[in-house]
Amino acid sequence: MANWLLKTEPDEFSLDDLEAKGPNGEPWNGIRNYQARNFLKQMQPGDRVLIYHSSCAVPGIVGEGEVIGQPYADPDALNPESKYFDPKSTADNTRWWVVDVRFKRRWPQTVSLKTLKQQTGLDSMALLRQGRLSVSPVTEKEWEVISSIA
DNA sequence: GCCAACGTTGGC
DNA sequence: GCCAACGTTGGC
């Protein structure tokens with residue numbers, strides 16, 4: 001069992017949108033960065049995820065979700081109609097992967113990036129070390145520290 | 001809207 | 001395989 005952090009732009013797909021999808025969740029798509037993809041491929045059903053809102057007034061963690069299936073090849077990468085179409089992907093080698101995620105809970109308040117940076121015990125957190133990574137691992141210890149201030 | 005930090009691409 | 005040019009992310 002592992003923990004992860006997923007970034008999303010609330011203007012595109014927010015925690016509210018995820019909640020609205022209900023218990024069947026939603027494919028977490030559009031990951032087009034190899035490092036993020038490699039983390040995504042390691043995800044397992046039952047893994048916990050922190051949902052992070054980026055490119056907004058108060059960037060930070062807004063709630064939790066749950067991985068509900070095995071990662072699978074991203075069908076959008078092969079679909080020319082999709083905005084996530086990748087001309088270099090083939091049926092044999094799709095390059096990109098998705099995983100279904102469902103809403104678990106909204107936190108009483110956003111734990112902002114600013115708060116995370118000020119918190120002790122999070123110095124080595126992937127989110128803070130590498131700002132532009134949209135899928136990153138969260139250790140058990142980091143999860144405890146963060147949920148204790150949620 | 002700016003720009004720093006990276007990732008990707010492609011010529012050589 | 002190097003590296004310059006370019007594109008993207010995302011905080012501010």
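Naming: A, B, ... by sequence-line order, numbering from 1 per chain.
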Output the rounded distance in Å from CD (E12(A)) to C1' (dT9(C)). 13 Å
Closer than 4.0 Å, any side-chain N/O of K7(A) to the OP1 or OP2 of dT9(C)? no
Sugar-phosphate only, base, or nothing, as touched by E9(A) at under 4.0 Å among non-hydrogen atoms: nothing
Looking only at the side chains, is there a donor atom on one of Y84(A) and N79(A) sitting less than 3.5 Å from an acceptor on the other? no
What's the closest nucleotide to the S134(A) side chain, out of dG10(C), dC12(C), dG7(B)? dG10(C)
How would you label the contact of K114(A) with the nucleic acid (heavy atoms, under 4.0 Å): base, sugar-phosphate, or nothing? nothing
Checking contacts here: which listed nucleotide (dG11(C), dG10(C), dT8(B)) is nearest the side-chain heavy atoms of Y34(A)? dT8(B)
For Q35(A) and dA5(B), give me the distance from atom CD to atom P, rounded to whole Å. 17 Å
For the pair E19(A) and R106(A), find out whether any cationic side-chain nitrogen is under 4.0 Å from an anionic carboxylate oxygen. yes
OP1 or OP2 of dC12(C) under 4.0 Å from side-chain N/O of K117(A): yes
Just how far, in rounded Å, is P of dG10(C) from CZ of R129(A)? 18 Å
Hey, is the side chain of R132(A) pairing donor to acceptor with the base of dT8(C) inside 3.5 Å? yes
Within this structure, what is the CG-to-P distance between N33(A) and dC6(B), rounded to whole angstrom? 13 Å
Atom CG of L128(A) and atom C1' of dC6(B): how far apart are they, to the nearest Å? 17 Å
Hey, can you tell me if F13(A) and W28(A) have their rings parallel, tilted or perpendicular (30° and 60° cut-offs)? perpendicular
Rounded distance (Å) that lies between atom P of dG10(C) and atom NE2 of H53(A): 13 Å
Separation of atom NZ in K83(A) from atom C1' in dT8(C), rounded to whole Å: 14 Å
D86(A) has an atom CG; how far is it from atom P of dT9(B), in whole Å? 9 Å
Charged N to carboxylate O below 4.0 Å: is that the case for K83(A) and D76(A)? no
Six-ring centre of W143(A), R48(A) cation under 6.0 angstrom, axis tolerance 45°: yes
